[in-house]
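Written out below as structure tokens is the structure these notes cover.
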2 protein chains.
Amino acid sequence: MNNLLKYIHSLTAFSDKSWKLLKPALIRKEFKKNEFLLREGQVCNSLFYIDEGYCKSYYEIDGVVKNIGFFFENDIATNINSFGNGLKSEFNIIACEPLTAVVFDKNKLFQAAKQAVEIETLGRNCIRLFASKQEEFSNLFKIYSAQERLEYIETKYPEILQRVSLSQLASFLGVSRETLSRIRKRRTLS
Amino acid sequence: MNNLLKYIHSLTAFSDKSWKLLKPALIRKEFKKNEFLLREGQVCNSLFYIDEGYCKSYYEIDGVVKNIGFFFENDIATNINSFGNGLKSEFNIIACEPLTAVVFDKNKLFQAAKQAVEIETLGRNCIRLFASKQEEFSNLFKIYSAQERLEYIETKYPEILQRVSLSQLASFLGVSRETLSRIRKRRTLS
DNA sequence: GTGATTTTGTGACGAATGTCACAGGTCATT
DNA sequence: AATGACCTGTGACATTCGTCACAAAATCAC
């Protein structure tokens, strides 16, 4: 849990007392490659702190996979809408590599938060980070072309390119695999 | 402040004591049409609860306006990244009509939140709603075509279409004004 | 009401993208 | 070495989209 503790301290002041209260809400869990963290139709009752490996969230529409997010070490993966409102998830989260996560149980987390404001504040900060990132990616599509979106990812999130295949990245960038391949080619020629 | 109070109660349990603590952090403020709530380069130290009228957030890139969000009555408008991290805003928020907002002052809000967990919880829930919406719109671009995005807005957010002009909506949907006009035409013919 | 301004519609044309099809490459397993 | 699964590149072609230009319609200010 060392990485998680560092992560928490980077977000907010957190006493030993809060940590002791939080611990019962946490379970370390291993996922095999292609194992689901969350399936479409389930209600998401967990936050997944990614300790090692990575996972992705994706819709499956008419049999076609549409990737909507990648989550690496030190990220929190969840369906914020399902987690917050108790609605069924419309997408899946699946391990892309063997993955180790620290799972926050929703009910136990809320119990703990009632006993320590620091935990409530931690929750707020986690959600804030999540919102910032969503906003960032949402705006990419409104202000940039496909090529510019690729360049943005290359400069700001190079680790995605190193670990995620072109085919996987394509739907995340909102273009077809072939188009992404050609965008790359265009740029290496110029 | 009646609308705001209803809004708060819809989000979380909120005692009179919390309300009294929160009140000093709030100021009702009127904005004229085309008046800025937030300008590019400023740090965002406020949450704007929209009581009447509406506003939009937009980037201005090479002189071209790119709308990234519309905020109507009972929405919270802010730059979550700037507000949370104290960074300069990269976009503007401007009133599209005469607008009445209740402005949450960041410092006073944080002071109040220290004294009442309910205020901290309210903050978490506001951010959660914000994150849900960002995620929703972000995913639109990854799973839908321009036409499908328009249809999504038509069914889930018809008030946007009623109040926002086609030209304004276009950049929000990530297409040109002309293309949006033609998408409409295609659909009315079929 | 009238003129000015803004908004919307539309034609033309080039650029970008999606789709289908197939070839070659990489990698792990046997 | 042979196999199969997966990933990447590329050609062909149709579709969609952006851009420029201009006209029509709606809205606003006076």
Side-chain angles (χ1 to χ4, degrees), chain A residues 32-35 53-56 58-67 70 94-98 140-154 160-190, chain B residues 32-35 53-54 56 58-67 70 94-99 140-154 160-190:
Chain A
K32 293 174 191 163
K33 184 176 175 178
N34 293 327
E35 195 176 345
Y54 80 95
C55 59
K56 69 169 185 178
Y58 70 98
Y59 283 77
E60 196 168 341
I61 299 178
D62 301 331
V64 181
V65 168
K66 309 265 187 179
N67 298 327
F70 295 99
I94 195 170
C96 301
E97 292 178 351
L140 280 186
F141 288 90
K142 292 169 190 156
I143 63 179
Y144 292 141
S145 67
Q147 176 164 346
E148 289 169 329
R149 292 199 291 277
L150 173 61
E151 285 164 3
Y152 186 89
I153 297 293
E154 282 177 337
I160 296 186
L161 285 152
Q162 285 161 9
R163 296 174 73 179
V164 175
S165 76
L166 185 81
S167 316
Q168 296 297 314
L169 184 65
S171 68
F172 178 72
L173 289 175
V175 294
S176 71
R177 179 184 67 77
E178 294 90 335
T179 297
L180 187 53
S181 173
R182 288 181 182 116
I183 287 173
R184 272 185 161 178
K185 190 187 174 189
R186 278 209 304 267
R187 298 188 323 125
T188 55
L189 294 181
S190 60
Chain B
K32 294 174 191 164
K33 183 174 175 178
N34 293 326
E35 195 176 343
Y54 79 97
K56 68 169 186 178
Y58 69 97
Y59 283 77
E60 195 169 340
I61 298 178
D62 301 331
V64 181
V65 168
K66 309 266 189 178
N67 298 327
F70 295 98
I94 195 170
C96 300
E97 292 177 351
L99 184 144
L140 280 186
F141 289 89
K142 291 167 190 156
I143 62 179
Y144 291 141
S145 68
Q147 176 165 346
E148 290 168 328
R149 292 201 291 278
L150 173 61
E151 285 163 4
Y152 186 88
I153 297 292
E154 282 176 337
I160 295 187
L161 286 153
Q162 285 161 10
R163 296 175 70 179
V164 175
S165 77
L166 183 83
S167 317
Q168 296 297 313
L169 184 65
S171 69
F172 178 71
L173 288 176
V175 295
S176 71
R177 177 183 67 77
E178 295 90 337
T179 297
L180 188 53
S181 173
R182 287 182 182 113
I183 287 173
R184 273 184 161 179
K185 189 188 174 187
R186 278 210 304 268
R187 298 190 322 126
T188 54
L189 294 182
S190 61

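What you see below is based on every heavy atom in this structure, not just the backbone, and it leaves out hydrogens, waters and symmetry mates. In what follows, every chain begins at residue 1, and chains take the letters A, B, ... in the order their sequences are listed. If you're wondering where the values come from, they're calculated on a predicted model, not measured in any experiment.
- Two end axes, each from the C1' atoms of five base pairs, can be drawn for the helix from C:dG1-D:dC30 to C:dT30-D:dA1; they diverge by 50°, to 10 degrees.
- Ring geometry for B:F70 against B:F172 counts as perpendicular: the plane angle is over 60°, on a 0 to 90° scale with 30° as the lower cut.
- Remark: A:S167 engages no residue in a side-chain hydrogen bond (donor to acceptor under 3.5 Å, both in side chains) (not counting sequence neighbours).
- On the nucleic acid side, DNA chain D contacts chain A at distances under 4.0 Å to non-hydrogen atoms, with the end points of that region at D:dC7 to D:dA12.
- Looking at residues two or more places apart in sequence or on another chain, you find no side-chain hydrogen bond (donor to acceptor under 3.5 Å, both in side chains) involving B:E35.
- Annotation: proximity of residues 144-153 of chain A to DNA chain D (heavy atom, distance under 4.0 Å) is found for no residue.
- Remark: A:I153 CD1 to A:L173 CG distance equals 6.0 Å, nearest 0.5 Å.
- The shortest side-chain heavy-atom distance between B:V164 and B:K56 does not fall under the 4.5 Å cut-off.
- Here the range on DNA chain C touched by chain A, meaning any atom under 4.0 Å from one of its heavy atoms, is C:dT17 to C:dA21.
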Tell me which donor-acceptor pairs under 3.5 Å the side chains of residues 175-182 of chain A have, and how far apart each pair is, sequence neighbours excluded?
unit_1 : atom_1 : unit_2 : atom_2 : d
A:S176 : OG     : A:T179 : N      : 3.2
A:S176 : OG     : A:T179 : OG1    : 3.0

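- Taken to the nearest 0.5 Å, the CZ atom of B:R149 stands 7.5 Å off from the CG atom of B:L140.
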Given side-chain contact (heavy atoms from CB on, under 4.5 Å), test A:L161 with A:L150 step by step and report yes or no. CA-CA 9 Å; A:L161 285 152; A:L150 173 61; 4.2 Å; yes

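- The stretch residues 164-172 of chain B comes close to DNA chain C through B:S165, B:L166, B:S167, each having a heavy atom under 4.0 Å from the strand.
- Evaluation of the side-chain hydrogen bond (donor to acceptor under 3.5 Å, both in side chains) rule for B:S145 yields B:E148 as partners, not counting sequence neighbours.
- Residues passing the salt bridge (Lys or Arg N to Asp or Glu O under 4.0 Å) test with A:E60, sequence neighbours excluded: none.
- By the ring pair (Phe, Tyr, Trp, His ring centres under 6.0 Å) test, A:Y59 pairs with A:F91, sequence neighbours left out.
- In terms of heavy-atom proximity, A:A146 sits nearest to A:I183 at CB-CD1, 3.8 Å.
- A:K32 and A:A95 get closest at one heavy-atom pair: O-CB, 3.4 Å.
- Here the OH-NZ distance, from A:Y144 to B:K66, works out to 10.0 Å after rounding to the nearest 0.5 Å.
- Of the residues near DNA chain D, B:R177 and B:L180, the one whose nearest nucleotide (by heavy atom distance) lies more toward the 5' end is B:L180.
- When each of B:K33 and B:E178 is assigned the nucleotide of DNA chain D with its nearest heavy atom, B:E178 is the one assigned upstream, toward the 5' end.
- Residues that satisfy the side-chain hydrogen bond (donor to acceptor under 3.5 Å, both in side chains) test with B:E97, not counting sequence neighbours, are B:R163.
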